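Below: the structure, in structure tokens.
Please read all numbers here as calculations on a predicted model, not as lab measurements. Numbers restart at 1 for each chain; the letters A, B, ... are given by sequence-line order, proteins then strands.
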Amino acid sequence: MNIRIPRGTQDILPGKVEQWQYIEEKARDLCRRYNYKEIRTPVFEQTELFQRGVGDTTDIVQKEMYTFEDRGGRSLTLRPEGTASVARSYVENKMHGEAQQPTKLFYIGPMFRYERPQSGRMRQFVQFGVEAIGSADPAVDAEVIALAMDYYSELGLKGLKLVINSLGDKESRDAHRQALIDHFQPRINEFCSDCQERLEKNPLRILDCKKDADHELMKTAPSILDYLNEESSAYFEKVKFLLDQMGVSYEVDPALVRGLDYYNNTAFEIMIEGKGFGAITTLSGGGRYNGLVEELGGPESPGIGFALSLERLLMALEAQEINLEIKESIDCYLVAMGEKAKDKAAVLLYELRKEGLTADKDYIDRKPKGQFKSADRLKARYTAILGENELEAEKINVKHMETGEQKEIALSDFITYMKENMEESI
RNA sequence: GCGGUUGUGGCGAAGUGGUUAACGCACCGGAUUGUGGUUCCGGCACACAUGGGUUCGAUUCCCAUCAAUCGCCCCA
């Protein structure tokens, strides 16, 4: 083997893929109830979409994008996240003109970021995300947050922590930003080099810094919540009120900053506590992006959404030893002896499958004992035995694997018999 | 981009500067001329990541590379 899987990617093999199918189906089912429709956009877009949508100064755009030139000289990028694409599609397909607003969409698909892989961080990973575009009602914020929390809790995850914050509207943010700069500027040389850079780029991030967490200026730093203007403040209050009413508990963290430029007002993250995660604690993140659609050339269309990583979800489920209900048995395994019986078995298999049963047989000339072993391994509920004797008598032996009970029935009744048996046992 | 750890058959895992590199699991066969488990017996397998160096001799020591993994930064 000299050709290997690219760094930061994975093969999802049988045995594991069922878990993926399960959680994806759960996501679709949940979205159906919340009335969000699935959207599928391409995995690559014009590079400019992300530069403008996600923001030129973000880490994602500056150092994590899979960007390439196609044969026509166009710069394309493997999508690092889903919101920009959905917003682009919203504009391009003129969804703002549809009668029903907000437009409520969800997606499940691979995203790509060029990073050093580690636990819970892959170069290709799968996000389940939701976007509601076309309404600035705080009830939509609450709905989206509730949807995300519901998803986890319905899968049985414990120890979740919802953290919310308001980044305010543009006016509030600008005022706060200036306050932060004024606060740190005089003594910025006492901070780490990262923070010194952050002062200009994104002073909010200084508050996130672990190295300088104990610095006295950190404790006295101006909070965004004190700089929210009346409108933003009322908005945030309403979101919190609705969450309270719905019984969704949360924690307000004024230091919660999201990494993408397009966020304003509501921002939230869902974290998980406990072991099995290494450094990763964020399961999901989202927020409101009222200017994004306009930035991409559409009409003013406020939106909100979140995205969560299915890899991290599966890690969390595993860490908490939560078993998903996955059917791994097959209905019937055919054991055949002798060439004629094998031929007949092939035909019977075809008929069983046409009737909706999951069925299989041996294809590598194993002896009966080996065939039974296969049946056992495949967790067959029934085994049907067909040999020269049975064939001659036009019978077939059907064995219930769990009880060991075996019954001889007419070959002509076999399919019907199996079908009825399955229906009964469901 | 930076740092730690690791790299032996399909998987797990010993071990050694020197004739055929343990063992366990899995798999296959036999004991049981056509019935899954257990047990016993036998068998299978392109295994020392790659490239250099030291040495009479390297899987073992040294260096580099590659890969995996974990962490920093940042995030999902």
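- At the heavy-atom level, E81(A) lies nowhere under 4.0 Å from the strands shown.
- Spacing between C28(B) and G15(B) at atom P, rounded to whole Å, works out to 31 Å.
- L217(A) has its side chain out of reach of E190(A): every pair of non-hydrogen atoms, C-beta onward, lies at least 4.5 Å apart.
- Each of R40(A), M95(A), E45(A) was scored for a side chain to side chain contact (heavy atoms under 4.5 Å, CB included) with S89(A), with one residue passing: M95(A).
- Looking at heavy-atom distances under 4.0 Å, E269(A) makes no contact with the nucleic acid at all.
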With pairs defined as Watson-Crick or G-U wobble and both distances under 3.5 angstrom, please note down RNA chain B as a dot-bracket string, | for pairing with another strand.
(((((((..(((.....[....))).(((((.......))))).....(((((..]....))))))))))))....

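- Using P as the reference atom, U20(B) and G24(B) are 22 Å apart when rounded to the nearest Å.
- Across G57(B) and C23(B), the matching P atoms stand 31 Å from one another, rounded to whole Å.
- With both ends at atom P, the span from U6(B) to G42(B) equals 38 Å, rounded to whole Å.
- A donor-acceptor contact closer than 3.5 angstrom is absent between the side chains of T416(A) and D413(A).
- Between C11(B) and G36(B), the two C1' atoms lie 24 Å apart (nearest whole Å).
- Distances shown here put a side-chain N or O of S119(A) below 4.0 Å from the OP1 or OP2 atom of C70(B).
- Residue K367(A) places at least one side-chain N or O closer than 4.0 Å to OP1 or OP2 of G30(B).
- Between G9(B) and A22(B), the distance separating the two C1' atoms is 13 Å to the nearest Å.
- Listed by chain and residue number, nothing satisfies the salt bridge (Lys or Arg N to Asp or Glu O under 4.0 Å) test with E69(A) (two or more places apart in sequence, or in another chain).
- Nucleic acid contact for K63(A): base, since at least one base atom lies under 4.0 Å from a heavy atom of the residue.
- The aromatic ring centres of F128(A) and Y151(A) sit less than 6.0 Å apart.
- When only modelled atom types and interatomic distance are considered, Y36(A) and E143(A) share a side-chain donor-acceptor pair under 3.5 Å.
- Comparing the same atom, C1', in C66(B) and in C25(B) gives a spacing of 30 Å after rounding to whole Å.
- Put simply, R377(A) has a side-chain N or O that comes within less than 4.0 Å of OP1 or OP2 on C28(B).
- Taking atom NZ on K369(A) and atom C1' on U32(B), their separation rounds to 7 Å, with Å as the unit.
- The one candidate from R28(A), E131(A), K37(A) that meets the side chain to side chain contact (heavy atoms under 4.5 Å, CB included) condition with F106(A) is R28(A).
- Where E64(A) and Y114(A) each meet RNA chain B at their nearest nucleotide, the meeting point lying more 5' is that of Y114(A).
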